[in-house]
Amino acid sequence: MLSRILVVTALYATPVAAEPLFPNSVVSNSIDFIRGDDPSAFHCLAYTGVIRAEMPDKRSDVLFVDDVFAYLARFRDGTDVPIWIHPDIGSEAAARDIARPAVEALGKLPTAMRGRLNHVVIHSGNETAFAEDEGRFFVLYSENIKTRLRDNDLEETVFHESVHATLDVPFLRDAAWLAAQAADGAFITEYAARHPAKEDFAESALFAWALLQHPGRLPLSFETRVRTIMPNRLAFFETLLNDGPVFTRTDLRPDC
Ligand SMILES: [Zn+2]
């Protein structure tokens, strides 16, 4: 007879505050947390025409833009994510080309995150990505997409911004998260340490995701240090991110 197992999350003591592993999670290291050949739930990209859309841009105060190329990215788990691309990209073909790597990366997110994403904005240009947590969207720039793709950092960028867009509002002030953060008493990156109330969550989430989904992917010395620096955060993300299958596959999606 199976006995009922009660899982008790202990708060581990950290005897000595450990130093952060890297300056930041996404671009300052050579770890490929999410790989090009990891399974993606991306199914197809449907062009839905040109629209007038809210297109926040670091370089401009202009918010509403006409003739935005609009797509619906469909995923095999039943989720859909609208993709809005600024007309400065030049043509519908160019818009589709720049959307493609971004939607492949979106397909590698857990269903729980992708399903909460409202949309993604893509501008032409070379700024770094940013997210709007209340609006549940994030913004990418075309030249930065190409750079991050070349450096094997695009999936990690999309994951980081998707965490901000989908998990910041419900969890940044969550009691279990704050307790885990306080109990660990150390930070995984310098960026997380500088912004404990905002960036620590997204920074820690990427390490947790790699460790939970792909044990052994990080070099052993790094994996050991992650477990030393953030054991309570790991337990927190294990509950949050491993709650059900990563992709709830339906395989019954209409073609685009
Ligand atoms: Zn961030």
Side-chain angles (χ1 to χ4, degrees), residues 19-34 54-59 81 83-84 101-103 105-106 108-110 112-123 125-149 151-174 176-178 180-182 184 186-213 218 222 226 229-230 233-234 236-237 240-241:
E19 289 301 306
L21 219 48
F22 304 112
N24 61 63
S25 67
V26 175
V27 295
S28 69
N29 61 78
S30 58
I31 296 180
D32 204 9
F33 294 87
I34 305 168
E54 202 175 311
M55 302 285 284
D57 184 350
K58 284 181 172 179
R59 306 160 300 184
V81 179
I83 312 288
W84 300 343
V103 296
L106 286 175
K108 296 175 185 178
L109 297 174
M113 281 168 61
R114 190 171 42 253
R116 294 180 59 85
L117 207 51
N118 194 282
H119 63 276
V120 176
V121 166
I122 302 179
H123 283 286
N126 195 21
E127 304 294 319
T128 53
F130 67 95
E132 294 279 353
D133 53 5
E134 297 284 344
R136 291 194 283 126
F137 67 94
F138 64 90
V139 179
L140 298 169
Y141 289 81
S142 59
E143 294 310 307
N144 189 252
I145 289 176
K146 292 173 192 169
T147 304
R148 297 280 166 107
L149 197 58
D151 296 342
N152 284 325
D153 290 331
L154 182 64
E155 288 115 336
E156 289 79 359
T157 302
V158 165
F159 184 94
H160 181 101
E161 299 308 334
S162 295
V163 169
H164 284 313
T166 66
L167 301 179
D168 273 10
V169 168
F171 291 109
L172 280 188
R173 284 176 290 278
D174 179 77
W177 163 251
L178 294 171
Q181 193 185 34
D184 285 340
F187 292 92
I188 198 65
T189 65
E190 293 165 16
Y191 191 42
R194 278 201 309 279
H195 306 281
K198 181 68 178 171
E199 296 297 338
D200 182 29
F201 192 96
E203 290 286 275
S204 300
L206 182 59
F207 285 90
W209 179 242
L211 245 70
L212 295 168
Q213 284 299 307
L218 270 58
F222 289 150
V226 174
I229 291 171
M230 46 176 273
R233 292 185 188 78
L234 275 177
F236 171 85
F237 283 114
L240 186 69
L241 298 175

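Read the numbers this way: they start at 1 and go in the same order the structure lists the ligands and their atoms.
For the Zn ion (ligand 1), protein N, O or S atoms under 2.8 Å: 4 in total.
Taking the six-membered ring where the residue is Trp, Phe171 and Phe201 present parallel rings, their angle staying beneath 30° rather than reaching 60°.
Looking only at distances, a side-chain donor or acceptor of Asp184 sits under 3.5 Å from a matching main-chain atom of Arg233.
Taking the side chain to side chain donor-acceptor pair (under 3.5 Å) definition, one finds that Glu132 meets it with nothing, sequence neighbours left out. Checked against ring pair (Phe, Tyr, Trp, His ring centres under 6.0 Å), His160 has the following partners two or more places apart in sequence or in another chain: His164. The side chain to side chain contact (heavy atoms under 4.5 Å, CB included) check on Pro170 picks up Arg116, with sequence neighbours excluded.
Note that Arg148 lies outside the cation-pi zone of Tyr141, set by a 6.0 Å cut-off to the ring centre and a 45° limit from the axis.
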